[in-house]
Structures are given as structure tokens and as C-alpha cells.
Amino acid sequence: MTTEERDEEASRSGNSSSSNNFRERIREIKWASLVKMSKQWLRNPLNMALFLWILVVAVSGAILFMVMTGMLNAVLPKKSQRDVWFEVNNQILNALFTLMCLYQHPKRFHHLVLLCRWKQEDDVTALRKIYCEKGTHKPNERFHMMVVVLLLHLNCFAQYALCGLNLGFRRSERPPVGVGICVSVAIASPAVAGLYTILSPLGKEYGDEENQMDRKVSLERRYSFASRGDDESDLEWRGGVLDIWEDIKVSYLSLLCTFCVFGWNMERVGFGNMYVHIATFVLFCLAPFFIFNLAAINIDNEVVREGLGYMGIVLCVFGLLYGGFWRIQMRKRFKLPGYSFCCGRPAVADCTLWLFCCWCSLAQEVRTANAYEIVEDKLCKRREEEVKVDEDGVIDPSCLPEKMKGDEALSPPSPPFIHREAT
């Protein structure tokens, strides 16, 4: 046997062994658990929206790639047809990525403000949970976080510049150098930010005493008010969904200033900054309409233009699901009862309430937050009962809290007894 035949046999045996190893690894995958995890992940409305966004981006990107490489020349023989398909998918991708940047930018501005301020311990802790490994203290963490946040801002501004080029110029007039620079910066900046987060001290672990103190303080905060919480089974929504006129002030504020009331309520129940919620909610409900209608200007096909306009309107309506998502988080955190009129699934019911009766749902959430005291992510019932006093000046024990009733209830001495003491 010659050396060439031996080499061929060795390569064949190596390929067969590698293919066998690959098959064994495929068999080791627990497909049932993987499918279960996928279903559990998709039950989150935010993850479902992200999955749909990725799906549309993948389809439009694939069509755009096939048009650019000539793979669809047999289906689209005319150059005018190919130009229309290229521009339609290009504008769809441009609109989707611009919307994603618009939705993320208020939060990134808030992080930049916190980094510039860098005073309150709660702000620093919140930033550590987002950018630091295991949310612990890192060396020069403020500088490293600032680098990451600025790179993410650069990603947003590059996408806005690319959006301006796509909307302001037709394809034949669009400057290729400007488009190339914007695309490169928009792709490279988040990639560099991710690598910097992993390779810098932000992605490493440090076992110092300050981290141990942070864990101790967080545990103390978590359990310091545990005794003050009420029985979770007694908590409930304040009024029904349709009882919007139960509180006139709340009802009119919910109707006339929906975004501001929503952000204010989210901040006081512990779900982030009020201004971030207001800006994000406004963008979810208004930005798709303008982005998709502006994208339709440079498309010559009338049917496609109308389709993009209707798509923007539909996405604006589904922007109300932002309120439904945070209603789900509020219900889960505070153990509030869920509605089961949508196939027995409370999360679907919460989103349905916001889609078809957003003002009623918001008013109910505000009334519920007004009815309880919020202590360390728990709802505690307010104790504001009026104290009743009879004619002799004795306090009625029935109006006191439970721990003050019985032998512990105190009453002032009667007036005749005070008179005898004085004489």
C-alpha cells in the first residue's frame, strides 16, 4: 500500500469518526426539554415580540440577499421588478432596526444620566446589575460602563443616520459611501460593546470585601420588612376593570394623560424610571406609524405603499402591549389575582385588557397602587381606620388593629376618677 492510499484511508477514517461523534452529540440533546424551554420562553410577551421581530428581519434579509446576488433573476426577470423588491425589503429592514433603536434609546439615555450623576447607591446598584458580572463591584467600573454606554449610543445614532439616508434619498441618489459607513458603525459598535463588556473588568469576578458587603446589604434590604407584609392570598385588584369611574380623579387622568400616568405609576411600584417608561410607551404607540409611512415614500408600487402604511398602524395598536407586559410584571411581583377569561391564561388576559380597554386597565392599576403601601417589593394594607370615642372618653376597641384589641387595648381614666385624684 502506497503512502497516498494510506493518507486517503486515514482521512476517511477521521471523517467517519468525526461524523459519528457529531451524530452522538445530536442524539445526546434532550429535544423534549429543549422544546419545553422554548415554549416557556415564548410565553413571555416581550420574548414573543422579539421572536417576531427576528423572524421578519430574517425573511426580509434573505430576500434582499437573494435579489442582490441574482438568485431571484429567474423569478424576477425585469430589472424594474428587482429594484422594487430590493427597495421594499431595504425599507422594511431600515424601519425595523430604527424602531428597535428608538425603543432602546430612552433606557440608554437614563443609564448615561445615572453614570454622569453617580451619587445614589441605588443607581449604582442598578447599573451594576445590568453591566457587571453578577452585579458586583468592579475596578474602575464607572469608566468601563461609560465606554459601553457610549458605544451603544453610537449604535443608535448611526442607525438614525442610515434611516435618514434611506428616507431622504432614492436608491439611485443615495450616497453609497455614507450608507456603507453608517451600516459599518451601526453593526460594529454593539459588537465592540459586547466584547468590551466580556473582556474588561466588567465581565470578570472579583472576590473582595466590598462585594460581600453589597450582598449583605441586599439581603438585609430584602428581609428587613418581611414581617410587615400581609397575607398574599388577601391581596386583590381595587375594583373591577370596568369600574373606571370609581375614582373620578384617576379616571380622568388615565383618559387624558395616559402615558404620563402610566410612567408615574410604574415608577412608584418599583419598575424603573418614570421618564423612560413615558418615552418608551410613546415611541411604541406612535413611532411605527411615522417610520413605515416615511419608508413608503420611496417605493413606486402603490399596493406596497398602502401595505406599509397599514403595517405601521397595526404596530402602533400592538404598542399597547407594552402596558400589558408591565401589568403582568405587576401582577406577578405583588401576587395579585389573574383573570382567566382568555383560555385560562392570565398573561394573555392582561394583554387583552390593554389592547381593548387600556384606560380601564390603567385606572385599575393606579387604584390598586393607591390602596396599598409598597414596602420592599410587597404590598401592605394601609391602616388608616378612624378611632371612635364614646361620651365618657373611652376608645372603642373594635376600631383598633388586631394587635391592640383585648387586654392590650388602653383607655383613658374616666372623669370622676380624675376628680377624686385631684381632691
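Heavy-atom basis, side chains included; hydrogens, waters and symmetry copies ignored.
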Side chain to side chain donor-acceptor pair (under 3.5 Å) partners of [X], counting only residues at least two apart:
X	answer
Arg171	Asp83
Arg331	Asp350
Trp326	Tyr322
Tyr252	none

Requested in this report: Indicate the ring-plane relationship of His105 and Tyr160, choosing parallel, tilted or perpendicular according to the 30° and 60° boundaries.
Outcome: tilted

Query - Parallel, tilted or perpendicular: rings of Phe281 and Phe262 (30°, 60°) - result: tilted

Can you list every pair that meets salt bridge (Lys or Arg N to Asp or Glu O under 4.0 Å) and has a residue in [range], with sequence neighbours left out?
range	value
residues 303-325	Glu302-Arg305
residues 86-102	Glu87-Arg174
residues 94-116	none

Any residue meeting side chain to side chain contact (heavy atoms under 4.5 Å, CB included) with [X], in chain and number order, not counting sequence neighbours:
X	value
Thr69	Phe65, Met71
Phe289	Asn293, Ile313, Cys316
Thr352	Phe341, Cys342, Val348, Phe356

Between [Y] and [X], is there a side-chain heavy-atom distance shorter than 4.5 Å?
X	Y	result
Phe334	Val269	yes
Leu167	Asn94	yes
Ile92	Leu308	yes
Pro288	Met311	no
Asn273	Glu267	yes
Gln159	Met100	no
Thr98	Leu162	no

Query raised in the report: Partners of Arg345 by salt bridge (charged side-chain N to carboxylate O under 4.0 Å, His left out), sequence neighbours excluded?
Result: none

Between [atom1] on residue [X] and [atom2] on residue [Y], distance to nearest 0.5 Å:
X	Y	atom1	atom2	result
Cys101	Leu283	SG	CG	11.5 Å
Arg82	Met66	CZ	CE	14.0 Å
Arg142	Tyr131	CZ	OH	14.5 Å
Asn370	Asn265	CG	CG	7.5 Å
Trp237	Met330	CH2	CE	5.0 Å
Gln91	Cys163	CD	SG	8.0 Å

Requested in this report: Could you walk me through whether Val261 and Val250 pass the side-chain contact (heavy atoms from CB on, under 4.5 Å) test, one step at a time?
Outcome: CA-CA 9 Å; Val261 173; Val250 172; over 6 Å; no

Could you tell me whether a side-chain N or O of [X] sits under 3.5 Å from a main-chain N or O of [Y], the two making a donor and an acceptor?
X	Y	answer
Trp354	Ser361	no
Asn140	Phe143	no
Arg333	Phe271	no
Gln364	Asp243	no

Query - Step-by-step ring pair (Phe, Tyr, Trp, His ring centres under 6.0 Å) determination, Phe259 to His277 - result: CA-CA 8 Å; Phe259 300 116; His277 279 293; over 10 Å; no

**Report entry** Pair Asn89-Val67, side-chain contact (heavy atoms from CB on, under 4.5 Å): steps then yes or no
**Finding:** CA-CA 10 Å; Asn89 288 279; Val67 171; 5.6 Å; no

Report task. Show the numbers, then the answer: is there a side-chain contact (heavy atoms from CB on, under 4.5 Å) between Tyr339 and Val241? Result -> CA-CA 10 Å; Tyr339 294 97; Val241 178; 3.4 Å; yes

**Report entry** side chain to side chain donor-acceptor pair (under 3.5 Å) contacts in which one or both residues fall within residues 188-200, not counting sequence neighbours
**Finding:** His144-Tyr196

Can you see which heavy atom on [X] is nearest to which on [Y], and at what distance?
X	Y	result
Lys138	Pro201	CD-O, 3.3 Å
Met274	Trp264	CG-N, 3.5 Å
Leu127	Met145	CB-SD, 3.8 Å
Leu315	Phe292	CD1-CE1, 3.4 Å
Ser251	Ile244	CB-O, 3.0 Å
Ile297	Arg170	O-NH2, 4.3 Å

Query raised in the report: Would Val366 and Arg268 count as a side-chain contact (heavy atoms from CB on, under 4.5 Å) if you check the C-alpha gap in whole Å, the side-chain angles of each, and the deciding distance to 0.1 Å?
Result: CA-CA 10 Å; Val366 174; Arg268 67 170 178 161; 3.6 Å; yes

Query raised in the report: For Trp359, does the CH2 atom have more than 12 heavy-atom neighbours from other residues, nucleotides or ligands under 6.0 Å away?
Result: no

Query raised in the report: In terms of side-chain heavy atoms, does Trp118 have a donor or acceptor partner in Glu141 at a distance below 3.5 Å?
Result: no

